[in-house]
Amino acid sequence: MAKRIWNFNPGPATLPLSVLEKIKADLPVYRDTGMAVMELSHRSKDYAEIHSEAKSLLKELFSIPDGYHILFLQGGASSQFFMIPMNLLKEGQSADYVNTGAWSTKAIKEAKRFGTVNVAGSSEDKNFTFMPKNSDLKLDPSSQYVHVTSNNTIAGTQYRDFPDTGDVPLIADMSSDILSHKIDTGKFSLIYAGAQKNLGPAGVTIVIIKDELLSKCNPDLPTMLKYSTHVEKDSLFNTGPTFSIYIVKLVLEWIKESGGLEAIEAENNKKGDLLYSVIDENSDFFRCPVEKDSRSYMNAVFRLPSEDLEKQFIAEAAEKGFGGIKGHRSVGGIRVSMYNAMPYQGVKEFTDFMLDFAKKNK
Ligand SMILES: *Cc1c(COP(=O)(O)O)cnc(C)c1O
């Protein structure tokens, strides 16, 4: 086998090697079915088992209380940007949005097609380098819902404590930090995430929706765009992304075998603490623009003294087997994505490279 690199891509992102090997072992024949998983009927007993197992593992690992539905949809997290307001926001009604980066901005743009958006808080004035304090949010109690982005994949910021929204439903885009640490899942009325960062490959979007929210949804929508359709049909109204869901199931099994969210969270803290300590202890060379208490433990962004050095850093890193560290084209610099499947060893070796590079180029 050709050598695998330490893959710090922001998404699609690295998957656990054991999961990739499991996929390989299940090819070209899955169990006694006589065919591969992607050839199974989505109505077959064998696929039904995969589907329900993925749901029950997610419920267990993410501590999803009863009274929620887990959906496997398509169209990416980006389709949730419009599907949420299309279902929950009518003309004359308003929704609160916290604007913490490029993804929130896109969500706001889509919501404006359906109703009024109240930007309850924003970090745009400082290039999204901090998370607005909950006490500073201007939440409107008559709002239909509050929308937040739990982890800002491009800006490198992350929520520590989510706002308390009282009776107003809280909705979160958790595409880039779902299942990276324990949260109070019951605080949310809707959680959504594209799978390709922390949960599996591209092609499936996870939506976790509270039953109570369904009665508030606009009934007068195209069938495929109504949450109720997918709840009633258990995400099998049409042919779902069966192969992606199967891989999500394998990733969830891997999380469970690794010790569940507690163990994953401890590992993520270890990785993030190491990387940020190397940045902060070498502040004459590396600089993280994000305020300390807002830093993301999934996507760390930082700068070097010059753009030329950043180019050289990315090129030398690639030679040494570290990939995907170029910052998003909108912000530049370096971005290191350390999702669940990136082992501590990968971050350790990368920080050794950082220290070595700094010493040689100071
Ligand atoms: C990647 C990402 C998206 C977009 O996801 P798609 O599945 O590509 O539509 C949305 N929100 C956040 C926070 C992301 O990181």
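When a ligand or atom number is given, it counts from 1 through the structure's own listing order. Numbering starts at 1 and runs along the sequence shown.
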May I ask you to check whether F188 and F162 place their ring centres under 6.0 Å from each other?
-> yes
Return the set of residues passing side-chain contact (heavy atoms from CB on, under 4.5 Å) with S63 (not counting sequence neighbours), or none when no residue passes.
-> none
Which parts of the protein, at residue level, reach under 4.0 Å of ligand 1 through a heavy atom?
-> G76, A77, S78, F81, W103, T149, N151, T153, D173, S175, S176, Q196, K197
Partner of F313 under ring-ring contact (aromatic ring centres under 6.0 Å, His included), chosen from F285, F353, F322 | F353
Which pairs pass salt bridge (charged side-chain N to carboxylate O under 4.0 Å, His left out) with one or both residues in residues 83-105, sequence neighbours excluded?
-> none
Output all residues satisfying salt bridge (Lys or Arg N to Asp or Glu O under 4.0 Å) with R160, sequence neighbours left out; order by chain, then residue number.
-> none
K197 to W103, cation-pi by 6.0 Å centre distance and 45° axis angle | yes
